[in-house]
Structures are given as C-alpha cells and as structure tokens.
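None of these values were measured; they are calculated from a predicted model. By convention here, the first residue in the shown sequence is residue 1.
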Amino acid sequence: MPQFNAISEVKRRGVLVTKMGRGRADGKPRKRLVITVMVLVIVGAFFYLYSRDSASSSIEYGSKSLTFGGDDSAIPKTIPVCDDRLSELIPCLDRNFIYQTRLKLDLTMMEHYERHCPMPERRYNCLIPPPPGYKIPIKWPKSRDQVWRANIPHTHLATEKSDQRWMVVKGEKIVFPGGGTHFHYGADKYIASIANMLNFPNNIINDEGRLRNVFDVGCGVASFGGYLLSSDVIAMSLAPNDVHENQIQFALERGIPSYLGVLGTLRLPYPSRSFELAHCSRCRIDWLQRDGILLLELDRLLRPGGYFAYSSPEAYAQDEEDQRIWRQMSALVGQMCWKVAAKKNQTVIWVKPRTNDCYLKREPDTHPPLCSPDDDPDAVWGVKMKACISRYSDQMHKARGSGLAPWPARLTTPPPRLADFNYSTEMFEKDMEHWHQEVVNYWKMLGNKIKPDTIRNVMDMKAHLGSFAAALKDKDVWTMNVVPENGPNTLKIIYDRGLLGTIHNWCEAFSTYPRTYDLLHAWGIFSDIIAKECSPTDLLIEMDRILRPKGFVIVHDKRSVVVFIKKFLPALHWISVATSNLEKDSNQDKDDAILIIQKKIWLTSESIRVSE
C-alpha cells in the first residue's frame, strides 16, 4: 500500500502510527509523514487548550471559592457561564450532589429533601444561564393566573394533575385556573368554605384582621396562598424539591410567597407561634410517624388558639385503613389538647388551646410529653425536631393568646415579644422611621428605572425587625425577610408584625430556584460575610442566581466594601444604576454608602440556538 494512503487512513481514524516500507525508504513520503504528524499534534494541543478555557460548556466544579482581597487582583475579569443543564440549579438541594457524594440519608424521613450544601471546592463558580426563550416575567397581578411557558419549560404537572385543575398549557403560556387536589372548583370557594366552617364574619378568612399568617404545607403550585392574598392574608407556602420538582418555581414565578422545604428531621426555619392557621390539602404526609413528631412541629409553629385545616381522605373516607388512621390521629391530637373546631365534607379543622392549662392537667407520663423548660422553641437553624409539646411563655399564658393587634395595625404596633430583646417601643418606632426614610431614598435613586409593577418578589437579606418590608406596605410587593442564623433571632418579631421570613446562613446558597426575586436588599450583609471569613464573591454569584434578569440589587454597606463590590459588575453582567456617598471626598459624616445595581438580561449561544 502506498505511504500516502496509509497516512490518509491514519488521519481518517484519528490515530498516530508509523508504517515501515520494505527496502530503502523514500525521503519525500517520510517528510510528508513527519509534517502531517506535527500538524496533528499542534491541532490536538490547540483543541486541548481550548477545551480547558471553555469550562462553561461542560458541567464542572470550580477549583476554589474566590475570596475577598484588598486589591484588584482578587477581582475576576470574567465569570464563566454554567452549562445550560444547570439552568435550574439549587446548590443545597441538588439531588445530583447527593448521588455523587453518596450521602447516607434516611429516605423514609425525607432527609434527601433537606438541605445538603457542597463544600466550597465543589461549588459551581459560574453564572446560571436562563432557559432558551426566557422572557421577562408577566407582571403581578396577572402573573397569579399565568406565566410564560419558556421560563419554566415543564408541563408534566399539567398532565398529571389535569383532573384537579392545577395548571393548563395554552400556547406560549401556562395558565393556573385556581384548582387543587381538594378544591377542584377553585381555591376562592374553598377558602370561603373554611371561613364559613369557623363562623368568621361574612365568610372572609381574615376574621376581621385576627387571622393574618398562614402556613400551607405541601402547597403544590400555591394557588391556595395566591387566593388568600386578596383577603389580606399571607401564606408561607412550603413544598419540597420532590417528584413535583418545579411546583415552588411555578409559585414564585407567579409572584406568590413560597419556600423550598420539607417536614423531615429538622425544625422548619420559622420561629414558634408564627401562624394563625396551618393547612394541608391532601399533602401526603404521614402525621403519625415517629410519635407524631411532624404534627408536633406544626404545634410549635401555631399561635395560641391557632387552627389546623386538614383536607384528606382520613377525615371522611369509610374504608378500614382510613378509619384506623383517623382514630389514631384523633387520639394523638386529643393528647396534644387540640379540639375539633369544625368538620364538614372532606375537611376537619382542629384548634389549639389558648393557655397551658390543658397541658398541666394531663396525667403524668402522658405522650407526647411537654418539652424541657430549657428547650428554646425558636432555635431552628440545624436543630432536630423534637417529639414534645412546646408550652407557651408566661406572657402568652396570662394573656390567653399572642396579644397581637389585628391587621393592618399589627404591622406598626410593637408586639409583646419585643421585650424578649429588651427593645422599647421608642426603639421600635425609630427603626420604622429610619427604614421609611431609607426606602424613600432608594426609590428616589431608582427614579424612572422603576414603575409600580416593576417589582413583585423582594428579599431583605438582613431583615432585623422587618421595618424595610413594613416601609413597602403601600407597594404591591411581598418580602422574604431573612434573618442571619448567627445574630439576634428577631424573626419572631417579623412574624408578629404579620410578615414572612426565614433563618439563613449566607455562607451557603439559599433554598430557592434561580431567577425568583426582583429586588435584593443587601444591608450590611457583605461586611458580615467578610467578618465570618466567607467569600463575598461566592455570595455575589449566589445573588446573581437568585435575581431575575432586569432585577435590582441594593447594596448598603461600608464605603470601602461597596467600592470593592462595584468592581465586580462587569464580570457579573450587572450595571450601576445609582450611587450615594461612594466618593472618598463626600461631605457626609457617615461611613456607609449605597450602590443600586441592575442585572442585564442575557442568553447563552446555546439558548439562542435552541430558541431560534
């Protein structure tokens, strides 16, 4: 075979070999072979180097977390874009991470749906891309009933729950008729029926402002919570990242308050006595497991005189198994001092006692027991659930309730638990006035960048008493108030004001989908992160994941920190909208500065190709 043909075969197969000819070698073919081999080596080396530089085209972990430094050498000129397959990544609720690390988790206790965060060396230090065809979300209130299909390209729930009217695909949109597993005819009628069962005035669920905070467990796409809002009732809608993995993503895309979580082994990240009503509509939870520990977690969260509305076959079905569960559940709640407030059709509503009297009258060794006096029912971050009853404080016991004003006065009235922090009424009022002025200033800085319907989902990353959220009361928004896990646990004050929130450690990723918030308020959070020796760059990448395209970030921190953060904007594809007190020669006495940022909308080349 001629040497030329051998080389052609080598090139075709993509391997390097040599073929020795018989007798005296011909110099020219050998020369051509050497040249060809050199070309192949050079081309191969080029592709190897190119593939290393193009790490964003494959799913890889960053080699390390980027850290804060005093000079510009720590500031990346670019941050790679993640693979398109990571467009819905939730780092601490990533099932792929659980599989890869082979964590030993008890599936029967839902541990695989709890938070499991990667170590810094296993984090994706890249920007999460939007899905192909992504559009700016539909504005509230229209978004309650419809979203863009391209933004959450998952339609399996529309098929699986078609008989329950959860959602319907209509062309480019997904429409939400307001149905649910136990309210096929609409959440509004179902909510009115609950109010009627409880004899609330005019069948309105807010009970003239006395019922404000609701906890909806196993919420689906949160239509129940969405329809409560028109009655001035706000729900924390909770569901895990399970087989219905996009239900909370749909809820947040709709502009409905919601959170990814599960009743598993850990206390939920909410303080005790936070909700007037808990709700479970066919939530598929085994309330009897582990000595009723999950029901006791609900008991911890409910306020004195709070209700648990339970719509499930056990409440009405006649088969032997359902009746067995009903008998055992009735016995358990009876030992917890709950009573049936109403029972009708497919729903039963229990009510909690208003004082400790019933608990103290129980026979010795009654189960479930009372929690130890030294147990803090408000300690929740990383704390295991306990199969015991949290008794009321002396103040609540004497007051025969929470002592909260009805909504909307509740928002601005100092709650009784303020005394737990030695805060006076004067301090509370000064905090409100301070954040009112700050919000006025923020909106003035935003100017024509913001319209009444620009923002819906807001997060206050360090909420303290919730006064930033309270200052937004006249705007059509809701706020996720986040209280850092290592500071004063003021979250119960936030709930006592009729607001919502959670505990979180900002050294880790937040439990939400990408692109779920329109505005992030970062007051002092970067200084806190630096003091904890965590990476502010990791936090910036996490904020980019949470933030919707065209969304805003308000960085309010020490001037030196804000100046440093501003240098990251090009790499993050963010733009500066406005600044205050950022220059060193500023005449203002205070050391803090403000930087308002907007996130650009961008697509990867792959997203554009698929969209076309």
Side-chain angles (χ1 to χ4, degrees), residues 137 139-141 143-144 212-216 222 225-226 228-230 232-238 248 251-261 269-271 274-275 407-408 410-412 415 428 431-443 446 450 452-484 487 489-504 506 510-513 515-525 543 546-548 551-556 596:
K139 303 299 184 184
W140 181 267
S143 63
R144 188 196 72 172
R212 166 64 179 175
N213 291 17
V214 170
F215 178 57
D216 186 18
L228 285 171
L229 290 166
S230 60
D232 272 342
V233 173
I234 190 165
M236 177 62 80
S237 298
L238 182 89
I248 291 297
L252 290 165
E253 184 76 8
R254 297 172 70 186
I256 300 171
S258 47
Y259 185 80
L260 277 165
Y270 317 121
S274 295
F275 303 97
W407 182 266
R410 183 178 299 185
L411 182 67
T412 54
F428 179 81
D431 188 71
M432 277 198 301
E433 178 59 27
H434 169 79
W435 284 109
H436 171 75
Q437 294 300 328
E438 292 288 0
V439 167
V440 169
N441 184 44
Y442 291 156
W443 254 248
L446 281 162
I450 195 167
D453 64 353
T454 301
I455 291 171
R456 172 61 185 170
N457 300 354
V458 176
M459 180 184 290
D460 189 1
M461 299 174 69
K462 185 181 176 182
H464 191 44
L465 300 180
S467 293
F468 170 79
L472 300 175
K473 66 181 184 299
D474 295 328
K475 307 183 190 305
D476 211 356
V477 304
W478 71 274
T479 302
M480 178 66 79
N481 294 280
V482 182
V483 173
N489 192 359
T490 54
L491 191 57
K492 58 186 175 184
I493 303 301
I494 288 166
Y495 274 91
D496 286 354
R497 299 181 72 176
L499 303 170
L500 298 178
T502 187
I503 298 283
H504 186 62
W506 282 113
F510 192 77
S511 294
T512 191
Y513 282 89
R515 302 172 300 279
T516 44
Y517 285 86
D518 301 295
L519 172 65
L520 305 179
H521 179 230
W523 168 63
I525 202 71
M543 291 167 68
I546 295 171
L547 193 63
R548 285 172 169 172
F552 297 92
V553 179
I554 300 174
V555 179
H556 192 161
I596 299 184

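- When the options Leu252, Asn457, Thr512 are evaluated for a side chain to side chain contact (heavy atoms under 4.5 Å, CB included) with Ser258, the one that passes is Leu252.
- Between Ile455 atom CD1 and Leu446 atom CG the span is 6.5 Å, to the nearest 0.5 Å.
- Put simply, the side chain of Arg144 never gets that close to the backbone of Arg254: no donor and acceptor are under 3.5 Å apart.
- When all heavy atoms of Met236 and Gly501 are compared, the closest pair comes out as CE-O, 3.6 Å.
- Residue Arg497 comes nearest to Leu465 through the heavy atom pair NH1-O, 2.9 Å, listed as atom of the first residue, atom of the second, then distance.
- With rounding to the nearest 0.5 Å, the separation of CG in Leu472 from CG in Asp460 is 8.5 Å.
- Ring centers of Phe215 and Tyr259: at least 6.0 Å apart, outside the cut-off.
- Of all non-hydrogen atoms in Ala235 and Leu500, the two that sit nearest each other are O-CD1, 3.4 Å.
- Considering every non-hydrogen atom in both Ser143 and Gly255, the closest pair reads OG-N, 4.3 Å.
- Tyr270 has its side chain within reach of Thr502: a pair of non-hydrogen atoms, C-beta onward, lies under 4.5 Å apart.
- With contacts defined as side-chain heavy-atom distances shorter than 4.5 Å, the pair Asp453/Asp476 does not qualify.
- Not one N or O on the side chain of Asn481 forms a donor-acceptor pair closer than 3.5 Å with the backbone of Ile494.
- Here the straight-line distance linking atom OG of Ser511 with atom CG of Leu238 works out to 10.0 Å at 0.5 Å rounding.
- In this structure, Tyr517 and Phe510 have perpendicular ring planes: the angle between them is above 60°, well past the 30° mark.
- Aromatic ring orientation, His504 versus Trp506: perpendicular (interplanar angle above 60°, classes split at 30° and 60°).
- Just one of Ile525, Leu547, Val482 meets the side chain to side chain contact (heavy atoms under 4.5 Å, CB included) condition when paired with Leu520; it is Leu547.
- Electrostatic pairing of Asp496 and Arg410 does not count as a salt bridge here, judged by no charged N lying under 4.0 Å from a carboxylate O.
- The six-membered or imidazole ring of Trp435 lies near that of Trp523, with a centre-to-centre distance under 6.0 Å.
- With values rounded to the nearest 0.5 angstrom, Ser467 atom OG is found 10.5 Å from Glu433 atom CD.
- The distance from atom OG1 of Thr516 to atom CD1 of Ile248, rounded to the nearest 0.5 Å, is 10.5 Å.
- Atom CD1 of Ile596 sits about 7.5 Å away from atom OH of Tyr442, to the nearest 0.5 Å.
- Nearest heavy atom pair, residue Ala469 against residue Leu499, reads CB-CD1, 4.0 Å.
- Using a 4.5 Å heavy-atom cutoff, the side chains of Pro257 and Met480 are not in contact.
- When side chains are defined from C-beta on, Asn441 does not count as touching Gln437, because their heavy atoms never get closer than 4.5 Å.
- Thr479 places no side-chain N or O within donor-acceptor distance of the main-chain N or O of Val458, the cut-off being under 3.5 Å.
- When every heavy atom of Phe428 is checked against every heavy atom of Pro415, the shortest pair comes out as CE1-CD, 4.1 Å.
- Salt bridge present: Arg548 and Asp518 bring a charged side-chain N and a carboxylate O closer than 4.0 Å.
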